[in-house]
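Just so you know, ligand 1 is whichever comes first in the structure, and atom 1 is the first atom listed for that ligand.
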Amino acid sequence: MPQASCTLPKEGSMNRDEIITILSEDNPVKIEELFRRARTVRAREFSNKIFLYGFVYFSTWCRNNCNFCYYRNANSISRYRKTESEIIAISELLAKSGVNLIDLTMGEDLAYHKEHFTTVFDMIKVIKDRTGLPVMISPGLVENAWIDRFSELDTEWYALYQETHNRELFARLRAGQDYDERMNAKLYARDRGMLIEEGILTGVGEDLEDIADSLLEMGKIGARQVRVMSFVPQKGIPMEQVKKPEPIQELKIIALLRLLYPKALIPASLDIDGIKGLEDRINAGASVVTSIIPPRSGLAGVAQNSMDVDEGGRTVAEAAGILKNMGLEPASAEEYRDYLTTLREGSI
Ligand SMILES: C[S@@+](CC[C@H](N)C(=O)[O-])C[C@H]1O[C@@H](n2cnc3c(N)ncnc32)[C@H](O)[C@@H]1O
Ligand SMILES: C[C@H](CCN)[C@@H](N)C(=O)O
Ligand code: SF4
C-alpha cells in the first residue's frame, strides 16, 4: 500500500522543483493528501467561510483574437452589449442574492474604448453606491488613465490574466498582444493601490515548468487573488480541436496555490464545469465561488457561455446548498470587506 504520508514541502515555501514534483504526482493517495493539506490551510485562514462573486459579462464584443476564446473578434457569433441600466439592475439583483462582490467584465470592446468609456466609470460609481459591495473590473488591457480613474473610484480589484508567463506561449495564445503591456497594466493598477488578480490557463500547451514559473510569478507580482482555469474548447476558434485537460491538473494547481499562498483568494470558477465542478475545486483548497450569473438575465459565461446559466445552476442558493453539505457557508458582506482590509495590509 503506497505511503499515505506525503513528502509535501511545508506551506508557503516551495521551490520550482518541489512544485514540479507535486504537479507530476499521479499517486491518488498522495494527491488526496495534497488536497487535505490545502483544505487544512484554508480552514485555518478562513474558518468555514467561502466568498461568492457575482459575474456581469456586460459586453461580449472584442477587438482581440485570443486563440482560446469564443469571443475572439474573428469568430462570427452573436454578441451583446448591455445598457448601463441593465448592468446596474443585474448587479443589484446579484447583490440581493447574497454575493460579496460584483465582477464587471467585458471584451476589449472598442465602443467603450472610443466614445462611451466614461460609462464604465459611471457604472462602477452607481453600482458601488447602490449595492454597497466591492467591485472587480475585468475590462482587458486598458490605458493607465482608465486605471487612474478606477483607483479614484475606489474600485477594489483589477483582474487581468496573463494566461502563462512563458512569453512564446503567450504570443501563441494572445496573438498580436504584447506580454509586457498586459503585465505592466496589472503592475500599474497594483501601484495605484488596487488589488490585482492574476490567472493562468491549463491545457493550452504549457509544460510543468511553465506552470511552476507562473505559480511563483503570481506571488512575486503581488497578486492577492490567484486563479487557474482549465481550457474549454470553443466552436470557431483556432484551438477548437484542442482537448479539454483532465480536471485533476486544475485541482492540483489550486491546491499548490493554497499551500504557496495560504491567505490568497483562490477561485473555484463555475465557468469550467458549471455547478457540478464546485465541490472538487473547494475540496482542493479554493476559497471563492466565481462566475455566479443570474438566470434569464441575458448574460453569458466566458469558457462555458451558457452552461447552468438560465437553468439557475449558477446561483448563490445552489452554491450555498453544496457548501452546506461540505460543512462550509457563504461569508457575509462584512466578512469579505474585513478580509480585503487584511489583504491590503499583509502578504498572502
Ligand atoms: C475574464 S474574460 C474577459 C476579460 C478580458 N476580455 C480579458 O481578456 O482579460 C478573459 C479570461 O477568461 C479566460 N478564458 C477565456 N476563454 C477561455 C476558455 N475557452 N477556456 C478557459 N478559460 C477561458 C482567460 O483566462 C481569459 O483571460
Ligand atoms: C473568467 C471570469 C472572471 C473574470 N474576472 C468568470 N467567468 C469566472 O470564472 O470567474
Ligand atoms: S480573452 Fe478577452 S481579450 Fe481575448 S478574445 Fe476573449 S474577450 Fe477578447
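Side-chain contact check for T202 and E206: at least one donor-acceptor pair (N or O, by modelled atom type) lies under 3.5 Å. Of the N and O atoms on the side chains of N67 and R72, at least one donor lies less than 3.5 Å from an acceptor on the other residue. Between the side chains of E84 and T119, no donor-acceptor pair of N or O atoms lies under 3.5 Å. There is a side-chain donor-acceptor pair under 3.5 Å between T105 and D103. Side-chain contact of S332 with E335: a donor-acceptor pair under 3.5 Å is present, judged by distance alone.
If you number the atoms of ligand 3 from 1 as listed, the ones under 4.0 Å from a heavy atom of G107 come out as 7 (S). Set against the non-hydrogen atoms of N64, the atoms of ligand 3 under 4.0 Å away are 3 (S), 5 (S). Below 4.0 Å from some heavy atom of F68 lie the following atoms of ligand 3, by number and element: 1 (S). With ligand atoms numbered from 1 in the order given, ligand 2 contributes 4 (C), 5 (N) to contacts under 4.0 Å with heavy atoms of T105. Residue-ligand proximity, Y57 to ligand 3, at heavy-atom distances under 4.0 Å covers atoms 7 (S).
Among all protein heavy atoms, the one lying closest to atom 6 (Fe) of ligand 3 is C69 SG, 2.3 Å. The nearest protein atom to atom 2 (Fe) of ligand 3, hydrogens excluded, is given as R174 NH2, 4.1 Å; this is a heavy-atom distance. Ranking the protein heavy atoms by distance from atom 10 (O) of ligand 2 puts T290 OG1, 2.8 Å first. Looking from atom 9 (O) of ligand 2 to the surrounding protein, the closest heavy atom is S269 OG, 2.6 Å. Ranking protein heavy atoms by distance to atom 8 (C) of ligand 2, first place goes to R227 NH1, 3.3 Å. C62 SG, 2.3 Å is the protein heavy atom nearest to atom 8 (Fe) of ligand 3.
Figure legend: K82 and Y80 shown as a cation-pi pair, the cationic atom lying under 6.0 angstrom from the six-membered ring centre and within 45 degrees of its axis.
A distance of 6.0 Å or more separates the ring centres of F231 and F68.
A salt bridge links K128 with E156; the closest basic N to acidic carboxylate O contact falls under 4.0 Å. For the pair K235 and E240, the salt-bridge criterion is met [side-chain N within less than 4.0 Å of a carboxylate O]. Ion pairing of R149 with E143 is absent here, as no side-chain N (NZ or NE/NH1/NH2) approaches a carboxylate O to less than 4.0 Å.
Judged as a ring pair (Phe, Tyr, Trp, His ring centres under 6.0 Å), and not counting sequence neighbours, the contacts of Y179 are F170.
Heavy atoms from both the backbone and the side chain of S291 come within less than 4.0 Å of ligand 2. If you look at Y161 next to ligand 2, the close heavy atoms, those under 4.0 Å, all belong to the side chain.
E163 has its side chain out of reach of V204: every pair of non-hydrogen atoms, C-beta onward, lies at least 4.5 Å apart.
Of the candidates V302, D103, L270, the one placing a heavy atom closest to atom 5 (N) of ligand 2 is D103. Considering only non-hydrogen atoms, atom 6 (C) of ligand 2 lies nearest to F55 out of Y158, Y57, F55.
Ring-plane geometry between W146 and F150 is classed as perpendicular, the angle between the planes exceeding 60 degrees on a 0 to 90 degree scale with a lower cut at 30.
With a cut-off of 2.8 Å, atom 6 (Fe) of ligand 3 has no N, O or S atom of C66 in range.
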Distances only, to 0.1 Å: what are the N or O pairs between ligand 1 and the protein that fall under 3.5 Å?
from, atom 1, to, atom 2, distance (Å)
ligand 1, 6 (N), M106, O, 3.1
ligand 1, 8 (O), R174, NH2, 2.8
ligand 1, 9 (O), R182, NH2, 2.8
ligand 1, 19 (N), F68, O, 2.8
ligand 1, 19 (N), V232, O, 2.9
ligand 1, 19 (N), Q234, NE2, 3.2
ligand 1, 20 (N), V232, N, 3.0
ligand 1, 25 (O), E163, OE1, 2.8
ligand 1, 27 (O), E163, OE1, 3.4
ligand 1, 27 (O), E163, OE2, 2.4
ligand 1, 27 (O), R174, NH2, 3.3

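Remark: ligand 2 and E197 share no N or O pair separated by less than 3.5 Å (distance only, no angle test).
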